[in-house]
Visitor: 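Below is the structure I would like to discuss, written out as structure tokens.
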Amino acid sequence: MGMKIYNSLSRQLEDFVPLNPEQVSVYSCGPTVYDYIHMGNARTALITDIIRRYLVYKGYNVKLVQNLTDIDDKIINRAAELGVTAKQLAHQNGEAFFEDSQRLGIQPADVHPKATEHIPEMIDLIQTLIDKGAAYVIEGSVYYRVNQFAEYGKLSNRKPEDLLAGARVEVDERKEDPRDFDMWKAAKPGEPSWESPWGQGRPGWHIECSAMAMKHLGETIDIHAGGEDLQFPHHENEIAQSELATGTTFARYWMHVAFLKIDGTRMGKSEQNFILLRDALDNYPTEVIRHFLISAHYRHPLDYNQESLRKSEGALRRLNNCLDALKKYAGPVEASETTHTPLQHAVQEMRAQFTQAMDTDFNTAQALGAIFSLVGAVNKSLTAPSEETDLAFAQAYQALIETCQVLGIYDTDTQNSDDDNIEQRDQLVQLLLEIRQDAREQKDWETSDKIRDRLKELNIEIKDTREGTTWKFLTK
RNA sequence: GGUGGCGUAGCCAAGUGGUAAGGCACGGGCCUGCAAAGCUCUUAUUCGUCGGUUCGAUUCCGACCGCCACCUCCA
């Protein structure tokens, strides 16, 4: 079955057919780096990461571009408050953004273009629009002439009259039309600025994405993603600029990620109610946060609260226990094994459901359902005496690992660290467990409990199971 | 005022024109020296309300109620 994506442009589910089957191009609107990123930013970045991982899982090559807006009013203002230069502030927060993303297990994009490094491309694009009569210059600023683009409003489903009626903001009287927006801002004294044919200035917000997307991905890109707040005016303006300049489609599939809420209202920087991603990461493991962020479909709002994070923690525990129990069956599994046992059937079922869910507009919530169904089946086979074979368990393990890796909720790297000290450490723990076992056999509970309690203090938890005593590190 | 979305068990959350995935919590059971953890079973005659279409609607249509978002920088 093919993939379907909900396209904001048509407001319906469409078959996904990449322009170039050899390489899918994806552009994701990144953050304005005047501060650390918050959980809402993280949600969008994470969805983009999973889109990319799933496309790769499906066998596509993907080129992902995610920009950083490193010059704008907020950066300038914040830098002034802090007494640093805009450049310094943007650099620091840009680095912090990469650090936070990495901690969330987000794989870096293929290109992370910065606005200030693409000034010439933006100037070229603006000049093209001026030459086509789609832009005009007033006192060193350049404005886009919206009435030159007949399709303006097609992404956000807005009519010109609606836009005028809704204007809640002071209109710049110099503009020909209130809807016109600036592509180049004339520099005010003391502001960072670049030379241009229209004098010293800096780029407007929308022009940077048009210029950078086209530079790194070509005039037409497959998927353009971002938060739903960007649909208007940001993405609408990107379309207007790009399509008038090139005469061709700018992005074929527009994806918009719904807001993360907190206590029922939108989490946003202007609302002052945001949770920083790095703070969340200090309190919860990566996988837990990822699980939470994908527990609802990306087009539905999701509410951030401690209870939800705790639920994700519980769900992850269930998954990891199952994976731990299966680990001993891990081994090479040849593809296209025939299915004989009930578990093998369940594995096949899970893979089909997972693919179907992800194929249908990246339905991560449904995909998680498929994974956990298999977890239940595995646990049952593992506990109750059954006809299952080692091969079936190996296949289940393989299937779970593969799908969990697409979602990024199971990190094999951290599970298989191979430091030199690790082996010795494991042997020491093993020795303690042996001593404890001897004590238990002599019913010396004082000694056995002491070992258990002291290990717990060291963050090592032991469990007495039917097959013997096992131990593991507690997360955080 | 314009545009769009949402309302499914105690909570979170999928989903379908033919009778409701999954997770958390609760309760019962298994396991255990105790403990912790784990496993297991059970939990919605019902999908905001009222109408309509249909053999049949939670799913389609209409009205209403409630909540939210965008129209201004924000992912």
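Chain letters run A, B, ... following the sequence lines, proteins first, then strands; residues in each count from 1.
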Visitor: What is the pairing partner of B:A57, taking Watson-Crick or G-U wobble pairs with both distances under 3.5 Å in any strand?
Guide: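 Here B:A57 is not engaged in any pair, so there is no nucleotide opposite it.
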Visitor: Which one, B:A36, B:A75, B:C39, comes nearest to the side chain of A:N41?
Guide: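 Within the option list, the nearest is B:A75.
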Visitor: State yes or no: are the ring centers of A:F250 and A:H224 separated by less than 6.0 Å?
Guide: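 Yes: the rings meet the under 6.0 Å criterion.
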Visitor: Expressed as a whole number of Å, how far does the P atom of B:U16 sit from that of B:A75?
Guide: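 My reading of the P atoms in B:U16 and B:A75 gives 32 Å.
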Visitor: After noting the C-alpha distance and the side-chain angles of A:M122 and A:Q241, does the key distance pass the side-chain contact (heavy atoms from CB on, under 4.5 Å) rule?
Guide: CA-CA 11 Å; A:M122 296 184 218; A:Q241 294 164 341; over 6 Å; no
Visitor: Tell me which nucleotide, if any, is Watson-Crick or G-U wobble paired with B:U46 when both distances must be under 3.5 Å.
Guide: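 B:U46 is unpaired by these criteria.
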Visitor: Using atom P of each nucleotide, how far apart are B:C30 and B:A13 to the nearest Å?
Guide: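 Looking at atom P only, B:C30 and B:A13 are 35 Å apart.
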Visitor: Does any nucleotide pair with B:G7 by Watson-Crick or G-U wobble geometry, both distances under 3.5 Å, and what is it?
Guide: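 Partner of B:G7: B:C65.
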Visitor: Establish, from distance only, whether the side-chain atoms of A:H291 and A:E287 form a donor-acceptor pair under 3.5 Å.
Guide: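 The answer is no; no qualifying pair exists.
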Visitor: Has A:N363 got a side-chain N or O lying under 4.0 Å from the OP1 or OP2 atom of B:A14?
Guide: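 Looking at the OP1 and OP2 atoms of B:A14, neither is under 4.0 Å from any side-chain N or O of A:N363.
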Visitor: How close or far is atom P of B:A37 from atom CD of A:E313, stated in whole angstroms?
Guide: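 Answer to the nearest Å: 13 Å.
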Visitor: Would you kindly compare A:R11 and A:D72 by the position of their nearest RNA chain B nucleotide and give the one closer to the 5′ end?
Guide: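 Looking at the nearest nucleotide for each, A:R11 comes out on the 5' side.
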Visitor: Would you indicate what A:R78 reaches in the nucleic acid, counting non-hydrogen atoms under 4.0 angstrom: base, sugar-phosphate, or nothing?
Guide: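 It contacts nothing in the nucleic acid.
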Visitor: With rounding to whole Å, what would you report as the distance between B:U45 and B:A20 at their C1' atoms?
Guide: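 Their C1' atoms lie roughly 11 Å apart.
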Visitor: Between B:C60 and B:U53, how many Å separate the two C1' atoms, rounded to a whole number?
Guide: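 8 Å, rounded to whole Å.
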Visitor: Tell me which nucleotide, if any, is Watson-Crick or G-U wobble paired with B:G27 when both distances must be under 3.5 Å.
Guide: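 Pair assignment: B:G27 / B:C41.
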Visitor: Going by distance alone, is a donor N or O of one side chain under 3.5 Å from an acceptor N or O of the other, for A:Q395 and A:Q344?
Guide: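 Short answer, yes.
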Visitor: Tell me if the side-chain of A:R452 makes a donor-acceptor pair with the base of B:A35, cut-off 3.5 Å, by modelled atom types.
Guide: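 Flag set: donor-acceptor pair detected.
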Visitor: Is the phosphate of B:C39 approached by A:N379 (side-chain N or O, under 4.0 Å from OP1 or OP2)?
Guide: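 For B:C39, OP1 or OP2 has a side-chain N or O of A:N379 closer than 4.0 Å.
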Visitor: Is any side-chain N of the basic residue among A:D359 and A:K58 closer than 4.0 Å to the acidic one's carboxylate O?
Guide: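 A salt bridge links A:D359 with A:K58.
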Visitor: Return yes if the base of B:G33 and the side-chain atoms of A:D449 contain a donor-acceptor N/O pair under 3.5 Å, otherwise no.
Guide: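 Looking at the base of B:G33, it does pair with a donor or acceptor on the side chain of A:D449 (distance under 3.5 Å).
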Visitor: For B:U16, give the paired nucleotide (Watson-Crick: N1-N3 plus N6-O4 or O6-N4; G-U: N1-O2 and O6-N3; both under 3.5 Å), or none.
Guide: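 Base partner found: none.
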Visitor: Taking the same atom, C1', in B:G28 and in B:G62, what whole-Å distance lies between them?
Guide: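 Looking at atom C1' only, B:G28 and B:G62 are 47 Å apart.
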Visitor: Just the rounded figure in Å: distance from C1' of B:G15 to CZ of A:R299.
Guide: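 Atom CZ in A:R299 sits about 13 Å away from atom C1' in B:G15.
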Visitor: Could you tell me the Watson-Crick or G-U partner of B:G1, where both distances fall under 3.5 Å? Say none if there is no partner.
Guide: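 B:C71 - that is the nucleotide pairing with B:G1, both distances being under 3.5 Å.
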Visitor: Among the nucleotides B:C34, B:G38, B:A14, which one has an atom lying closest to any side-chain atom of A:H300?
Guide: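 Comparing B:C34, B:G38, B:A14 against the side chain of A:H300, the answer is B:A14.
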Visitor: Which listed nucleotide (B:A37, B:A75, B:A36) is nearest to the side chain of A:R317?
Guide: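 For the A:R317 side chain, the nearest candidate turns out to be B:A37.
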Visitor: Toward the 5' end of RNA chain B, which comes first, A:L319 or A:N157, by nearest nucleotide?
Guide: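 It is A:N157 whose nearest nucleotide is closer to the 5' end.
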Visitor: If you count every heavy atom of other residues, nucleotides or ligands that lies below 6.0 Å from A:E176 atom CD, does the total exceed 12?
Guide: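 Correct, the count exceeds 12.
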Visitor: In whole Å, measure the gap between the C1' atoms of B:A14 and B:G27 for me.
Guide: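 It works out to 25 Å between them.
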Visitor: Would you call A:D449-A:R452 a salt bridge at under 4.0 Å N-O?
Guide: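 Salt bridge present between A:D449 and A:R452.
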Visitor: Tabulated below should be each protein N or O lying under 3.5 Å from an N or O of nucleotides 66-70 of chain B; please produce it.
Guide:
unit_1, atom_1, unit_2, atom_2, d
B:C70, OP1, A:R266, NH1, 2.7
B:C70, O2', A:R158, NH2, 3.1
B:C70, O2, A:R158, NH2, 3.1

Visitor: Check for a donor-acceptor pair, side chain of A:R436 on one end and backbone N or O of A:T447 on the other, with a separation under 3.5 Å.
Guide: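 No, the answer is negative, given that no donor and acceptor are paired below the 3.5 Å cut-off.
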Visitor: Given the C1' atoms of B:C31 and B:A36, what is the spacing between them in whole Å?
Guide: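 Per the computed distance, 12 Å lies between those C1' atoms.
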Visitor: Do we get A:R318 above A:F372's six-membered ring, with its NZ or CZ under 6.0 Å from the centre and within 45° of the axis?
Guide: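 No cation-pi geometry.
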Visitor: Ignoring hydrogens and geometry beyond distance, is a side-chain donor-acceptor pair present between A:N77 and A:Y34 at under 3.5 Å?
Guide: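 No, because no side-chain N or O of A:N77 sits under 3.5 Å from a partner of the opposite role on A:Y34.
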Visitor: Identify each atom pair where a protein N or O and an N or O of nucleotides 20-23 of chain B are less than 3.5 Å apart, giving names and distance.
Guide:
unit_1, atom_1, unit_2, atom_2, d
B:G23, OP1, A:R318, NE, 3.3
B:G23, OP1, A:R318, NH2, 3.2

Visitor: Count the heavy atoms of every other residue, nucleotide or ligand shown that sit under 6.0 Å from CZ of A:F232, and state whether that count exceeds 12.
Guide: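 Atom CZ in A:F232 is crowded, with more than 12 foreign heavy atoms closer than 6.0 Å.
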